[in-house]
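Below is one structure, written out as structure tokens; comments come after it.
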Amino acid sequence: METVPSKSELIKKLLAPYKAAIVFVVIATLVISGIGAAMPMLTSVLVDRVFTNRQMNVFLVLGLCYFLGPVLQQFFFAFQRTMAILVAVFFAGGLRFAVYRHLLGLSLRFFNVNSAGKVVNRVMEDTQTIVNIILSSATTTISDCVIASVSILATFAINWRLALLVCAIVVGFVINYRLSIKRIIRFTRLMRHEDDALTGGVQNRMSASIAVKTFGTEERENDVFHGHNLSSLEFGWTRDIANNNFWMNVSLIASLAQALLYFCGCAMVLKGQMTYGEVMAFNMYAMQLIWPGVRFSQLAGRLQEGKVALNRLFEYLQQVPEIQDCEKPVRVKKLQGNVDFEDVHFHYQEGVPIIRGITLHVKPGESIAFIGTTGCGKSTMLNLLTRFYDVVGGRILLDGIDIRDYSLKDLHRQFGIVLQESYIFSVSIRENIRYGRPHASDEEVVAAAKAAEIHDFIMALPEGYETRIGEDGAALSVGQKQRINIARAICADPAIMIMDEATSSLDSDSEAAIQRGMERLLKGRTSFVVAHRLSTIRNASQIVFIDKGVVIEHGTHEELMAIENGRYRELYTKHMGKGVLDDA
């Protein structure tokens, strides 16, 4: 069974290949921080020993330090940033791949309840948020920790009374953070939720643009989009206002703190308790302590934003695939196609049965036609056979072995599936056809295209089989896309062929031509068909009439027509002039 790693385990795994780069980043950051921490002390020496006591020999040494310090800082900073970018980019790429790979392994039920736009938004946008946080905050955090540690020790060493005042100021930053962060997090989550709905809606409406135009619902769709867009903007605006208020308070506290510390320091100089050089050094160290505190507050806010993004990704990573391999799956190259449904029960929701005790035996090479009213369970039977869902009662056997005992990878390779909705990838026609069998020869691709009656159309294109198809086959007609789908299923050379209303988008002549070609290729293969065309149904080895999840009639066309007052006979007789069966 597949286990879900914890967040820390996944992060450690993704960062493991870049340990050396992380070490280099830390070393470079420590050097940069060390140089920055030394500068206030140099300023103190410059004021007290050079400007006050005129020690010119010290001035030359300090001048050299002031010159070399920034040069060394920039050198190590460039090295640090290069390594940090390397780690951040590849970490994000690894995280994105981990989520994508996990998503592909999830069961069909997950994709039925999560829109493609929502999934894409999380995989792309949330991982980018994490990258940005790493790049903007990781190295700064290390540097600030070092500088803040040195600064707090230095301030107490210079003047412990003023150091206590600095600590009180830092507490003010903490209070400001605590009062602001919950509001920022809340509205960040709400904005992200609306962004999911917004992206999902755009993706869905763009893919259904024909339906939108057909029914003239542009205005209604505009209103829906406008509503989600306004909600996203409102939550984003509220979050940004909260952020802005937070930073206004931070800037105010920092400015007042700087003025207060300088005033108090000067007062101590007048009393002879400090030198002016010490006041200068103290204020520089105090700012090096206060501003890291400010940045820690900022980082805490950004980390919360990153936490939201990471949690959203882990909502997907923590989804355990409903359908998984058993502990020791049976491996198989190609099945004979012997199928047995034994007292099969299934429901999508508890208490709402879809399939109720269906038993069916299919010999290799037989063609089975499922008919019945919409929602009776025809397509569900095919989903159970391919193990997109698992039965809740009974079992399904392939060549005498429960399908749950087969390796999922091997099991799915046994099927060639053509659905009512065609799926086209944005690659060449050749690659579309050989998608299910990447190593199929060019001759096999052409043979599959000929069987699907699409070869002549392909050859008439300027680049033939190398023609690249646009997004979702936008440049093709519905019938052409479906024929490419049929060619893909044929090219996969499956043991079992499944056709779920596969030819419903084709005219009768095209369907007849395809069926003639497929009869040769389907010979020796078991096939399951859900169709309304009488020609497809009457030629099946077995016709299975399903009503409310139960098989009410079962047999060949002749056997079912011989049943007086039979449902199939009544339906067939009623519609034989049309050539198409309506729902019973």
Side-chain angles (χ1 to χ4, degrees), residues 1-2 4 102-119 122 196-197 200-201 203-204 207-208 211 315-326 339-360 362 368-398 402-406 408-409 411-412 414-415 417-423 496 498-502 504 528-532 544-554 583-584:
M1 297 290 287
E2 182 175 332
V4 178
H102 186 74
L103 286 171
L104 288 185
L106 293 180
S107 306
L108 198 59
R109 195 186 301 273
F110 172 85
F111 296 99
N112 287 339
V113 297
N114 290 278
S115 71
K118 175 182 176 181
V119 173
R122 292 201 183 188
D196 281 346
Q203 187 273 339
N204 184 260
S207 62
E315 283 182 21
Y316 288 166
L317 286 171
Q318 289 172 335
Q319 294 279 341
V320 178
E322 181 182 342
I323 309 300
Q324 297 191 39
D325 281 334
C326 61
V339 181
D340 293 291
F341 293 84
E342 295 185 350
D343 193 27
V344 171
H345 293 258
F346 178 75
H347 58 249
Y348 293 104
Q349 295 180 344
E350 188 73 37
V352 186
I354 302 297
I355 302 297
R356 301 184 292 171
I358 289 182
T359 296
L360 181 66
V362 183
I368 309 302
F370 289 123
I371 66 170
T373 58
T374 299
C376 70
K378 304 185 296 293
S379 296
T380 299
M381 289 288 286
L382 303 181
N383 285 334
L384 294 175
L385 174 61
T386 51
R387 211 186 164 210
F388 291 153
Y389 295 91
D390 270 339
V391 300
V392 296
R395 60 178 184 165
I396 301 174
L397 308 178
L398 285 181
D402 194 313
I403 61 172
R404 291 170 290 194
D405 293 333
Y406 284 114
L408 275 173
K409 189 174 182 179
L411 176 67
H412 289 158
Q414 307 304 313
F415 299 99
I417 304 175
V418 184
L419 305 175
Q420 182 175 6
E421 184 178 356
S422 56
Y423 294 94
I496 300 172
I498 291 177
M499 311 284 282
D500 190 352
E501 297 287 3
S504 62
F528 291 83
V529 178
V530 173
H532 287 160
V544 181
F545 201 123
I546 302 175
D547 185 34
K548 297 179 181 178
V550 177
V551 175
I552 59 173
E553 292 179 5
H554 170 220
D583 281 344

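These numbers come from the heavy atoms of this one structure, side chains and all, not from hydrogens, waters or symmetry mates. From a predicted model like this one, the values you see are computed outputs, not experimental measurements.
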Roughly how far, to the nearest 0.5 Å, is the [atom2] atom of [Y] from the [atom1] atom of [X]?
| X | Y | atom1 | atom2 | result |
| --- | --- | --- | --- | --- |
| Arg395 | His345 | CZ | NE2 | 14.0 Å |
| Leu106 | Gln324 | CG | CD | 9.5 Å |
| Asp390 | Glu322 | CG | CD | 7.0 Å |
| Ile354 | Ser379 | CD1 | OG | 11.5 Å |
| Lys378 | Thr373 | NZ | OG1 | 6.0 Å |
| Ile403 | Arg387 | CD1 | CZ | 6.5 Å |

Tell me, please, which residues at least two apart from Arg356 pass salt bridge (charged side-chain N to carboxylate O under 4.0 Å, His left out).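 Listed in chain order: nothing, the list is empty.
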Just checking, is any N or O donor in the side chain of Thr380 or Tyr389 under 3.5 Å from an acceptor N or O on the other one?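 Checked: Thr380/Tyr389 side chains show no N/O donor-acceptor pair below 3.5 Å.
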Answer yes if the side chains of Asp343 and Thr359 hold a donor-acceptor pair under 3.5 Å, and no otherwise. no
Less than 4.5 Å apart, any side-chain heavy atom of [X] and any of [Y]?
| X | Y | answer |
| --- | --- | --- |
| Val362 | Asp340 | no |
| Ile368 | Val529 | no |
| Pro353 | Lys548 | no |

Using ring pair (Phe, Tyr, Trp, His ring centres under 6.0 Å) as the criterion, list what pairs up with His412, not counting sequence neighbours.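 With sequence neighbours excluded, His412 shows a ring pair (Phe, Tyr, Trp, His ring centres under 6.0 Å) to Phe388, given in chain and number order.
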Criterion side chain to side chain contact (heavy atoms under 4.5 Å, CB included) on Ile546 and Phe370, from CA distance to verdict: CA-CA 7 Å; Ile546 302 175; Phe370 289 123; 3.7 Å; yes
Do any N or O atoms from the side chain of Arg404 and from the backbone of Ile396 form a donor-acceptor pair under 3.5 angstrom?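 No; judged by distance alone, with no hydrogens or angles, the pair does not exist.
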Does Val530 form a side chain to side chain contact (heavy atoms under 4.5 Å, CB included) with Leu382? I'd like the steps, not just the answer. CA-CA 9 Å; Val530 173; Leu382 303 181; 3.8 Å; yes
